[in-house]
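Since the structure comes first, as structure tokens, the remarks are kept for the end.
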Amino acid sequence: MLTLLVGLLYLVSGRTVRSQDATGSRFVCNAIPPGAEPGCGYGPSGNRVQSSTPVEDELRNTIIQLRETILQQKETIVSQQGTIKELNSKLARCEAAADESTQGKSRGQGSRRKEFGKNTMGDLPRDPGETIDQLGKTMQSLKGRLENLEQQNLRLPTTNVSAGGVSALAPLPPELRELLRQRLGALETQLLRKVAELEEEKSQLYNETAAHRQRTESTLNSLLERITELEKSNSAFKSPEDFKVSLPLRTNYLYGRIKKSLPEMYAFTVCMWLKSSASPGIGTPFSYGVPGQANEIVLIEWGNNPIELLVNDKVAQLPLSVSDGRWHHICITWTTRDGFWEAYQDGERLGTGDNLAPWHPIKPGGVIILGQEQDIVGGRFDATQAFVGELSQFNMWDRVLRPVDIVGLANCSAYMPGNVVPWIDANVEVFGGASKAALEICEDRAFDS
């Protein structure tokens, strides 16, 4: 029995040893390289085993690459912040330039140009056109820089690792992208507004310059015309007013015409020197016709009738006598108030009257003819009413002259050209054989007397 028990114990012990040999763990020891970090893994049965070195190296390289990428992106973000500061600085300068330009509009042209002369953005030219080109180039440059930053540089690292161990790059977050777009849009809007303001300022300067040039050219042309007239006049006469118009024949085609017309008038004075020996009647020294009324103002001596003054085809007979072949100075005054008139010969008032077209204004825009009576405005003359003789110093005023002024004109002690129609060579045209000749009336009158 004891022997049997011992045998059983032996058998059980043998099986246990074999089982442990078959399933027992084996411990393997390896040398650790200098500088390496010791590490142990665990096998499937839960026993601790040593990690694989190539996997550890791959992970370590990945971590180092991620750290380098993060540092690079940090530097990129710092550079982008500097760019944004530069853009803000440019924008502030643009706003300052716009404020200064707005304040400068209330000043004179010289002051406005002085404001443009200031270097408000550090690189703005003086000329508005160059300023607009420069702003456009700046805007395009800023847009290009922002687009390059957005497409090429603005990338952030992700935790994804490619098969080769290099980290993949992802685009900027939508919030930052939208912020940059809004900033670029605001900058572009402000630059466009500045360009529009400069275009408007340039247009205003151009318009002012064109208007000033037009006024200057008009003034110069007037001066040139006046100089030409004076040169022509001086070539024939000593002074523009020292001449006479000669109408030697009683025809319907010899006449003179005054280039200037009359304004609307409520009074007038007309004075002239005339010389005639025609009979019967001297004819029509002058007439003024307007559309609808050919006899607006007429001075006429026809046949054996006395000299008559017509205003709006209403007639007043004047007590004048000038057909003795000598120079006489005559003046006629008229006012619409009560139609009052006066007649002067050689400085002496010989007659007055009233009720000659009372309250009738003299109509403007007509034609003044020397030597003929008009049946239509500017024409259809009657030879029997033509003036035969010589005329000089035909002047007209839009007021009634004082008697002392008329006396001064008659005795050559005063020179007073008409404020409505002055007697000037360039202001008188002659037709049909009428002629102009030099005449110093005071000397010739003294010789006649």
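Bear in mind that the values here come from a model prediction, so they are computed numbers and not experimental data.
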Do the side chain of S222 and the main chain of S218 share a donor and acceptor less than 3.5 angstrom apart? yes

Qualifying residues under side-chain contact (heavy atoms from CB on, under 4.5 Å), relative to Q190, sequence neighbours excluded: L91, E95, R193

Indicate the atoms forming the closest heavy-atom contact of L205 with T209, along with that distance. O-OG1, 2.7 Å

Looking at G292, is its backbone amide N or carbonyl O close enough to the side chain of K363 to form a donor-acceptor pair, meaning the two atoms are under 3.5 Å apart? no

With a 3.5 Å distance limit and no angle check, can you tell me whether D398 reaches the backbone of F268 through a side-chain donor-acceptor pair? no

N295 (side chain) donor-acceptor with D313 (main chain) under 3.5 angstrom: no

Show the nearest heavy-atom pair for residues G366 and S261, with the distance to one decimal. O-OG, 2.8 Å

Could you tell me whether the side chain of N427 reaches within less than 4.5 Å of the side chain of I258, counting heavy atoms only? yes

Between CD on residue Q214 and CG on residue N221, distance to nearest 0.5 Å: 10.5 Å

Between G325 and S277, what is the shortest heavy-atom contact and its length? CA-CB, 3.8 Å

Apply side-chain contact (heavy atoms from CB on, under 4.5 Å) to E264 and list each qualifying residue two or more places apart in sequence or on a separate chain. Y266, P361, P364

Distance in Å, R215 CZ paired with T219 OG1, rounded so as to fall on 0.5 Å steps: 8.5 Å

Hits for side-chain contact (heavy atoms from CB on, under 4.5 Å) against E429, two or more places apart or cross-chain, chain-then-number order -> R257, K259, F431

Output every pair passing ring pair (Phe, Tyr, Trp, His ring centres under 6.0 Å) with a member in residues 351-394, not counting sequence neighbours, ordered by first then second residue. Y255-F381, F286-F394

Would a 4.5 Å heavy-atom cut-off, applied to side chains only, mark I441 and H329 as touching? no

Less than 4.5 Å apart, side chain to side chain, heavy atoms only: is that true for M265 and M396? yes

CD (Q204) and OH (Y206) are apart, to the nearest 0.5 Å, by 14.5 Å

I need the full list of disulfide bond (SG atoms under 2.5 Å apart) pairs touching residues 258-361, with sequence neighbours left out, sorted by first then second residue. C271-C331

Anything under 30° is parallel, anything over 60° is perpendicular, the rest tilted; go ahead and classify W273 against W327. perpendicular

Sequence neighbours left out, what pairs pass side chain to side chain donor-acceptor pair (under 3.5 Å) with at least one residue falling in residues 330-340? T333-E342

Between P291 and G365 the two heavy atoms that sit nearest each other are CD-O, 4.4 Å

With a 4.5 Å limit on heavy-atom distance, are the side chains of W341 and L318 in contact? yes

So does V430 get a backbone contact from the side chain of K436, meaning a donor-acceptor N/O pair under 3.5 Å? no

Is there side-chain contact between K314 and P358, with at least one heavy-atom pair below 4.5 Å? no

Is a donor on one side and an acceptor on the other found under 3.5 Å between the side chain of T189 and the backbone of G185? yes

Once you round to the nearest 0.5 Å, how far does CG of D405 lie from OG1 of T269? 9.0 Å

Disulfide bond (SG atoms under 2.5 Å apart) contacts in which one or both residues fall within residues 347-394, not counting sequence neighbours: none

E197 side, atom CD; K202 side, atom NZ - distance, nearest 0.5 Å: 15.5 Å

Using atom types as modelled, flag every donor-acceptor pair under 3.5 Å from a side chain in residues 368-375 to any protein atom, sequence neighbours excluded.
{"residue": "Q372", "atom": "NE2", "partner": "T251", "partner atom": "O", "Å": "2.7"}
{"residue": "Q372", "atom": "NE2", "partner": "L254", "partner atom": "O", "Å": "2.9"}
{"residue": "Q374", "atom": "OE1", "partner": "G378", "partner atom": "N", "Å": "2.6"}
{"residue": "Q374", "atom": "NE2", "partner": "S287", "partner atom": "O", "Å": "3.1"}
{"residue": "Q374", "atom": "NE2", "partner": "S287", "partner atom": "OG", "Å": "3.1"}
{"residue": "Q374", "atom": "NE2", "partner": "V367", "partner atom": "O", "Å": "3.1"}

When rounded to the nearest 0.5 Å, the distance separating CG of D346 from CG of L409 is 12.5 Å

Check: residues 298-312 side-chain donor-acceptor pairs under 3.5 Å, at least two apart:
{"residue": "E301", "atom": "OE1", "partner": "I282", "partner atom": "N", "Å": "2.9"}
{"residue": "N305", "atom": "ND2", "partner": "W302", "partner atom": "O", "Å": "3.1"}
{"residue": "N312", "atom": "OD1", "partner": "Q293", "partner atom": "NE2", "Å": "3.3"}

Checking S392 now: which residues fulfil side chain to side chain donor-acceptor pair (under 3.5 Å) with it, not counting sequence neighbours? none

Step by step, work out the side chain to side chain contact (heavy atoms under 4.5 Å, CB included) result for M416 and L401. CA-CA 10 Å; M416 186 186 304; L401 292 186; 4.1 Å; yes

Working for side chain to side chain contact (heavy atoms under 4.5 Å, CB included), residues I330 and M272: CA-CA 6 Å; I330 64 171; M272 72 192 79; 3.8 Å; yes

Does any part of the side chain of S276, heavy atoms only, come nearer than 4.5 Å to the side chain of V322, both counted from C-beta? no

What closest approach, in Å, do Y288 and I362 show between heavy atoms, and which atom pair accounts for it? CE2-CG2, 4.0 Å

Tell me which pairs pass disulfide bond (SG atoms under 2.5 Å apart) where either residue lies in residues 359-399, with sequence neighbours left out. none

Between the side chain of N395 and the main-chain N/O of W423, is any donor-acceptor distance below 3.5 Å? yes

Who pairs with V388 by side-chain contact (heavy atoms from CB on, under 4.5 Å), at least two apart in sequence or on another chain? R250, A278

